[in-house]
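Below is one structure, written out as structure tokens; the observations come after it.
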Amino acid sequence: MKGRPKQISTYRYHVTVNLLGDVNIGIGEFLYMETDQYMYKLFCSFFNIHLEQYPDQHVVMVWDNAKVHHVKILQPLLHKQEERLTLVFLPPYHRI
């Protein structure tokens, strides 16, 4: 829901939620997808959806250090987009 934080009930035990998301800081638009687990194919699909929104623009992405961001199989996709993509990695264990 736009403008409201996502609320997750925990029922007194540790719960993990995996979110894929991006924010267009120019217009404040937020796109996210909730998933049971991070999978390479899902991440690549989300990544491509994001890039398709800005076909003629340079894109800067800030990534945390999720395992999916470092898998070797992702390298060809990143290499293909390197002319129009800048990746910035947050320090390990960064909490927002």
Side-chain angles (χ1 to χ4, degrees):
M1 179 178 262
K2 189 173 182 175
R4 298 184 67 182
K6 186 156 181 68
Q7 301 260 328
I8 303 167
S9 299
T10 61
Y11 304 106
R12 297 184 187 187
Y13 60 90
H14 183 75
V15 175
T16 300
V17 175
N18 295 309
L19 293 174
L20 298 170
D22 67 42
V23 177
N24 179 328
I25 61 171
I27 60 174
E29 187 175 86
F30 181 62
L31 173 66
Y32 76 95
M33 178 187 307
E34 186 175 335
T35 179
D36 292 337
Q37 60 183 3
Y38 285 133
M39 296 179 293
Y40 166 75
K41 288 182 181 180
L42 180 63
F43 179 77
C44 287
S45 175
F46 189 82
F47 178 79
N48 285 322
I49 288 169
H50 177 82
L51 289 178
E52 288 170 5
Q53 292 180 23
Y54 313 100
D56 300 322
Q57 298 176 4
H58 187 84
V59 175
V60 177
M61 290 186 174
V62 178
W63 285 1
D64 61 13
N65 283 284
K67 290 179 185 179
V68 72
H69 296 154
H70 298 285
V71 295
K72 289 183 182 183
I73 199 166
L74 183 60
Q75 295 309 310
L77 179 62
L78 295 176
H79 182 69
K80 181 179 173 184
Q81 300 294 338
E82 70 183 354
E83 293 296 318
R84 59 180 294 239
L85 179 65
T86 300
L87 295 178
V88 178
F89 285 90
L90 294 175
Y93 306 108
H94 184 82
R95 302 258 182 205
I96 296 176

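Within a 6.0 Å sphere centred on CD1 of I25, other residues, nucleotides and ligands contribute 12 heavy atoms or fewer.
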Show me the donor-acceptor pairs, under 3.5 Å and distance only, between side chains in residues 69-79 and residues at least two apart or in other chains.
{"residue": "H69", "atom": "ND1", "partner": "D64", "partner atom": "O", "Å": "2.9"}
{"residue": "H69", "atom": "ND1", "partner": "D64", "partner atom": "OD1", "Å": "3.2"}
{"residue": "H70", "atom": "NE2", "partner": "N65", "partner atom": "OD1", "Å": "2.9"}
{"residue": "H79", "atom": "ND1", "partner": "E82", "partner atom": "OE1", "Å": "3.3"}
{"residue": "H79", "atom": "ND1", "partner": "E82", "partner atom": "OE2", "Å": "3.4"}

Let me check something: any side-chain donor-acceptor pairs from residues 45-54 under 3.5 Å, sequence neighbours excluded? List them with distances.
{"residue": "N48", "atom": "ND2", "partner": "C44", "partner atom": "O", "Å": "3.2"}
{"residue": "H50", "atom": "ND1", "partner": "D22", "partner atom": "OD2", "Å": "2.5"}
{"residue": "Y54", "atom": "OH", "partner": "N24", "partner atom": "ND2", "Å": "2.9"}

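Between the OG1 atom in T86 and the CE atom in M61 there is a gap of 10.5 Å [rounded to 0.5 Å].
The side-chain hydrogen bond (donor to acceptor under 3.5 Å, both in side chains) search around E29 returns none, not counting sequence neighbours.
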